[in-house]
Amino acid sequence: MSEAYNPKTIEKKWQKIWDDERAFHAENDYTKPKMYNLVEFPYPSGQGLHVGHPRPYTAMDIVSRKRRMQGYNVLFPMGWDAFGLPTENYAIKNHIHPKIVTKNNVARFKAQLHALGYSFDWEREVNTTDPNYYHWTQWIFLQLFKKGLAYKTEMPINWCTGCKVGLANEEVVGGVCERCGSPVIQKMQSQWMLKITAYADKLIDDLDLVDYIDRVKVQQRNWIGRSHGAEVDFQIKGKEEKLRVYTTRPDTLFGVTYMVLSPEHPYIEQFKDEIKNYDEIVAYREAAARKSDFERTELAKDKTGVCIDGLTAIDPVNGAEIPIWVSDYVLMSYGTGAIMAVPAHDDRDWEFAKKFGLPIIEVIAGGNVDEAAFTDVQTGTLVNSGFLTGMSVEEAKKAIIEFLDKNGLGTPKTNFKLRDWVFSRQRYWGEPIPIVKCEKCGYVAIPEEELPLELPEVESYMPTDTGESPLAHMTEWVNTTCPCCGGPAKRETDTMPQWAGSSWYFLRYIDPQNDHCIADPEAMKYWLPVDWYNGGMEHTTLHLLYSRFWHKFLYDQGVVPTPEPYQKRTSHGMILGENGEKMSKSRGNVINPDDIVNEFGADTLRTYEMFIGAFDLAAAWSQDGVKGCRKFLERVWKLQDLVTEGDGYTPELETKIHQTIKKVSNDYEEMKYNTGIAAMMTLVNEFYKVGKLTKADYKVLITLLNPVAPHITEELWEKMGFAGRLYQTTWPEFDEAKTVEKMIEVAVQVNGKVRGKVMLPVDVSKEDAIAAGKEAVAARLTGTIVKEIYVPGRLINIVQKG
RNA sequence: GCCGGUGUGGCGGAAUUGGCAGACGCACUUGACUCAAAAUCAAGCGGCUAAUAACCGUGCCGGUUCGAGUCCGGCCACCGGCACCA
């Protein structure tokens with residue numbers, strides 16, 4: 001009898017051996033086929049590891065371990081995304097330097113990850129708060145600055161009243177701060193911006209080059225929000241000036257019955273003398289400005305507006321004189337801040353026209369514009385539209401854009417919803433922006449030799465209500481000289497957002513110690529792109545988009561060798577509490593992974609998280625389910641007592657073994673871990689049914705299981721006296737011919753209902769199969785047979801009438 | 001409102017993509033072992049049934065097909081994202 005399975009000792013033992021043997025170190029051996037697997041590096045929070053972390057980490061660990069055994073040079077690194085507000089807030093509250101807080105948190109996270117037995121190459125560990133790392137984050141910023149893609153501008157920003165910091169649009173969710181839930185207000189502030197919009201087209205188009213799961217691509221496309229249309233000029237009656245609008249439906253130009261300006265449109269000021277009801281319009285503008293984001297959303301259905309008395313526009317295609325309104329349903333921040341309204345074919349314009357009694361002119365037949373706007377672009381035909389009449393929407397669009405262009409009345413135009421990236425944060429615990437402001441020279445980059453520009457020590461990390469970073473109080477640090485003219489200058493005191501360090505970290509893993517550049521170009525050429533990147537859906541329009549942007553910029557600068565950073569992107573589902581709700585302290589349903597490791601072992605936790613359900617869907621925790629997985633590992637452990645000497649597979653299980661190798665190998669690659677584990681459970685059950693197994697049988701089982709449960713299998717490998725280490729062995733092969741059963745049970749249906757079964761040889765002819773099937777259900781064949789179907793290896797269906 | 005996802009036993013979930021619905025696991029029931037319990041092992045386990053008979057059964061309604069969880073049309077519910085983007 002073998003001794004009891006004791007994960008505590010086994011797991012520590014093997015973790016030490018793997019460390020000592022540098023088992024998972026990825027060499028820059030360019031002769032071997034490579035695979036670069038990436039998981040999102042964690043933010044080392046004070047709470048420690050969450051049970052959500054091991055799900056993606058174990059999944060990619062499985063793929064990495066399997067591919068190593070298949071001969072790949074696998075890079076599977078880990079690091080720390082350690083700048084960020086929670087650390088800073090904790091530091092303020094407890095009067096500890098954020099550096100110390102970070103160090104402690106990293107140590108704890110690392111110990112926890114280590115205890116889970118991941119095959120990370122710890123020699124390539126990176127930390128975004130390390131000056132040797134953020135040296136290169138700053139360097140990338142300087143390249144962006146030099147190419148005009150980083151600029152400073154005074155603009156209204158999203159100001160979180162809780163965190164006292166500016167936020168990117170992507171960080172504001174439903175009018176409140178994504179992180180702390182405090183209300184977000186608009187505040188004028190001078191901000192560093194990154195021109196991500198310059199890459200909007202490439203960020204959409206190049207999605208065709210990569211293998212991302214569809215929902216990621218769809219979400220990125222929607223977020224970037226590209227639309228094709230035209231800008232059209234409307235003459236303002238009696239003036240030189242024209243009113244320029246953006247429309248995606250220039251084909252409806254004959255149906256324009258009014259125009260709308262955004263309340264902030266400059267023409268309101270410019271033509272204030274002509275506008276007879278100027279006071280009324282200013283009052284409307286002020287009322288609109290006072291609306292909170294929440295109110296604007298809530299009131300979206302109920303349109304408001306004021307007609308400008310004294311200004312009208314002329315329709316460029318038919319000379320009609322059109323009133324101009326002001327309404328807050330038109331945004332200054334998109335297009336030209338003004339629209340042509342076609343109530344017959346736009347829902348919003350239709351609502352507005354109905355409310356204010358404006359005319360509705362149908363120009364596309366196909367609907368009933370008295371009832372609702374007709375917005376279908378597939379089926380309608382143009383009417384009441386001069387030279388466009390009779391055309392389809394598509395034809396009309398082409399024709400009108402050509403017409404406008406030729407006559408100087410408008411131009412084709414593409415617009416995006418994507419805005420530039422607000423890159424300043426008024427906080428301490430981030431990368432200093434390596435720029436100084438000189439009275440004479442303006443904003444000047446600090447010389448690259450001076451990088452890294454390190455964070456100075458400050459007395460207080462407290463953020464301020466004035467919107468200034470804590471760094472602003474460090475006068476001896478702030479006051480410096482201009483690298484350009486030598487005159488007095490001030491350092492930028494804003495820091496970078498947390499997204500900065502994570503936008504390029506996968507490059508640094510390739511060559512983490514390099515002092516001369518981001519990473520050695522030869523090494524990047526070998527390792528890039530990342531072959532497989534798994535991460536959370538919540539990062540789709542943030543981190544994933546930002547890092548694609550930076551990578552594309554670096555590609556254009558010749559720094560990196562590939563246009564896209566990640567070849568394949570997959571995403572895992574969330575782990576929910578036992579009650580099916582999101583885990584949180586306030587709900588009291590948090591599971592601590594340390595407790596599971598202590599009670600059941602890391603291998604059990606890993607197995608359970610992979611067995612819990614489909615990898616891409618959310619799944620609720622179940623403590624009983626954890627026990628079930630421990631039981632499975634116990635059964636694998638105890639099989640050692642049933643092992644007999646012998647080279648080949650147990651004859652009666654040979655087919656099953658080949659099938660299992662095939663199934664598990666495929667399932668790991670397709671992230672169907674739950675069914676792969678189920679297949680191994682079935683095989684274990686078969687071994688117990690037979691009552692014995694050969695060494696060869698056992699070898700296959702523990703090799704297949706190794707990526708999921710690496711410690712127990714490595715221990716069993718040693719106990720069985722197999723040569724070398726399990727992690728160094730090769731992945732088992734299957735013989736396709738041997739995965740096929742010789743005799744197959746086939747269902748026999750009569751009129752589509754199963755009425756019997758027959759055992760048939762796999763290669764039976766259709767005629768013989770049907771004959772055997774008829775015999776099996778002879779008693780039921782009372783009518784006239786009209787059809788006989790045989791699906792090889794599956795079923796026979798006899799269709800009869802009467 | 002728009003976009004995406006999901007809906008299958010008491011529960012988590014399978015189903016080779018149009019071919020025997022419920023693999024695997026949990027929970028439960030019964031039996032063995034035990035003074036007893038736990039653990040372990042064995043058997044059972046969708047509903048209706050005396051039944052291993054028949055029938056019903058994959059959110060709802062309809063359709064295509066010899067055959068539908070899977071395809072088509074029309075709904076409903078829940079989850080996630082976006083939200084006056086012209």
Side-chain angles (χ1 to χ4, degrees), chain A residues 4 173-174 213-219 221-223 225-227 229 245-249 252 260 262 293 296-297 299-303 327-331 333-342 345-349 351-352 415-419 537-538 540-541 573-574 576 578 580 582 607-608 611-614 616-629 631-632 634-635 638 662-663 666 672 674-685 688 745-757 786-800:
Chain A
V173 177
I213 52 171
D214 278 344
R215 54 202 174 116
V216 170
K217 286 193 184 184
V218 167
Q219 220 168 293
R221 279 196 195 103
N222 290 346
W223 184 262
R226 180 162 64 188
S227 69
V245 300
Y246 173 69
T247 178
T248 55
R249 295 297 304 277
T252 61
V260 187
S262 154
D293 275 3
R296 271 183 99 114
T297 312
L299 300 173
K301 287 285 158 290
D302 189 25
K303 301 263 184 299
S327 172
D328 64 1
Y329 86 87
V330 174
L331 309 173
S333 52
Y334 184 80
T336 61
I339 62 156
M340 58 179 229
V342 186
H345 305 292
D346 180 277
D347 291 323
R348 296 150 302 182
D349 298 347
E351 263 175 60
F352 191 84
N415 270 333
F416 299 91
K417 288 189 202 174
L418 185 70
R419 300 297 148 75
M537 279 308 287
E538 70 275 17
T540 303
T541 55
M574 229 192 303
L576 305 171
E578 290 210 79
K582 201 170 163 175
T607 307
Y608 175 65
F611 189 62
I612 191 167
D616 57 336
L617 299 179
W621 189 265
S622 154
Q623 202 71 6
D624 283 329
V626 178
K627 272 191 244 168
C629 289
K631 203 164 118 182
F632 165 62
E634 297 269 5
R635 279 165 68 77
K638 284 187 204 142
K662 182 179 177 180
K663 170 103 184 122
N666 288 338
K672 289 159 80 174
N674 53 337
T675 53
I677 292 168
M680 290 184 281
M681 287 173 168
T682 306
L683 184 62
V684 168
N685 292 343
Y688 276 105
E745 189 183 58
V746 175
V748 186
Q749 298 184 334
V750 179
N751 290 353
K753 298 210 172 188
V754 179
R755 299 300 188 192
K757 311 242 162 143
V786 292
K787 204 165 184 179
E788 293 166 338
I789 293 149
Y790 174 55
V791 182
R794 310 246 107 224
L795 55 72
I796 293 157
N797 189 11
I798 313 291
V799 186
Q800 63 175 356

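On a predicted model such as this, the values are computed, not experimentally measured, just so you know. Numbered from 1 within each chain, the chains take letters A, B, ... in sequence-line order.
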d([atom1], [X]; [atom2], [N]) in whole Å:
X        : N      : atom1 : atom2 : result
A:Ile213 : B:rG80 : CD1   : C1'   : 13 Å
A:Ile796 : B:rG19 : CD1   : C1'   : 12 Å
A:Lys787 : B:rU65 : NZ    : P     : 10 Å
A:Tyr246 : B:rA86 : OH    : P     : 6 Å
A:Gln219 : B:rC3  : CD    : P     : 14 Å

So, is [X] close to the [N] phosphate, meaning a side-chain N or O under 4.0 Å from OP1 or OP2?
X        : N      : result
A:Asn674 : B:rA14 : yes
A:Tyr334 : B:rA86 : yes
A:Arg755 : B:rC20 : no
A:Lys672 : B:rA15 : yes
A:Asn222 : B:rA83 : no
A:Ser327 : B:rC84 : no

> Mind checking what makes side chain to side chain contact (heavy atoms under 4.5 Å, CB included) contact with A:Asn415, not counting sequence neighbours?
Replying inline: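 With neighbours one apart ignored, the set is A:Ser227, A:Tyr246, A:Tyr334, A:Lys413.
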
Given [options], the nucleotide with the shortest approach to the side chain of [X]:
X        : options                : answer
A:Asp346 : B:rC84, B:rC20, B:rA86 : B:rA86
A:Glu745 : B:rC3, B:rG67, B:rC20  : B:rC20
A:Leu331 : B:rA86, B:rG67, B:rA23 : B:rA86
A:Leu795 : B:rC20, B:rC24, B:rG67 : B:rC20
A:Arg215 : B:rA15, B:rC66, B:rG4  : B:rG4
A:Ile789 : B:rG12, B:rG19, B:rA14 : B:rG19
A:Phe611 : B:rA14, B:rC24, B:rG13 : B:rC24
A:Val791 : B:rG19, B:rC24, B:rG13 : B:rG19
A:Gln749 : B:rC20, B:rG12, B:rA23 : B:rC20
A:Thr247 : B:rA86, B:rC55, B:rC24 : B:rA86

> Salt-bridged, A:Lys217 to A:Asp214, with N to O below 4.0 Å?
Replying inline: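 A salt bridge is absent here (no side-chain N lies under 4.0 Å from a carboxylate O).
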
Looking at [X] and [N], is any side-chain donor or acceptor paired with a base atom of the opposite kind under 3.5 Å?
X        : N      : result
A:Lys757 : B:rC20 : yes
A:Lys303 : B:rC84 : yes
A:Asp624 : B:rC26 : no

> Where each pair must be Watson-Crick or G-U wobble with both distances under 3.5 Å, what dot-bracket representation of RNA chain B is obtained, with crossing pairs in [ ] and other-strand partners as |?
Replying inline: (((((((..(((......[....))).(((((.......))))).((.......))..(((((..]....))))))))))))....

Looking across every strand, which nucleic acid part, if any, lies under 4.0 Å from [X] by heavy atom: base, sugar-phosphate, or nothing?
X        : result
A:Ser622 : nothing
A:Glu788 : nothing
A:Asn685 : sugar-phosphate

Using the [atom1] atom in both, what is the distance from [N] to [M], to the nearest Å?
N      : M      : atom1 : result
B:rG44 : B:rA23 : P     : 12 Å
B:rC33 : B:rA42 : C1'   : 11 Å
B:rU29 : B:rC20 : P     : 33 Å
B:rA86 : B:rG80 : C1'   : 27 Å

> Got a second to check how far A:Leu418's CG is from A:Thr541's OG1, nearest 0.5 Å?
Replying inline: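 Nearest 0.5 Å value for the CG-OG1 distance: 10.0 Å.
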
Pairs under 3.5 angstrom, nitrogen or oxygen only, protein versus nucleotides 38-47 of chain B, please.
unit_1	atom_1	unit_2	atom_2	d
B:rC41	OP1	A:Arg635	NH1	2.7

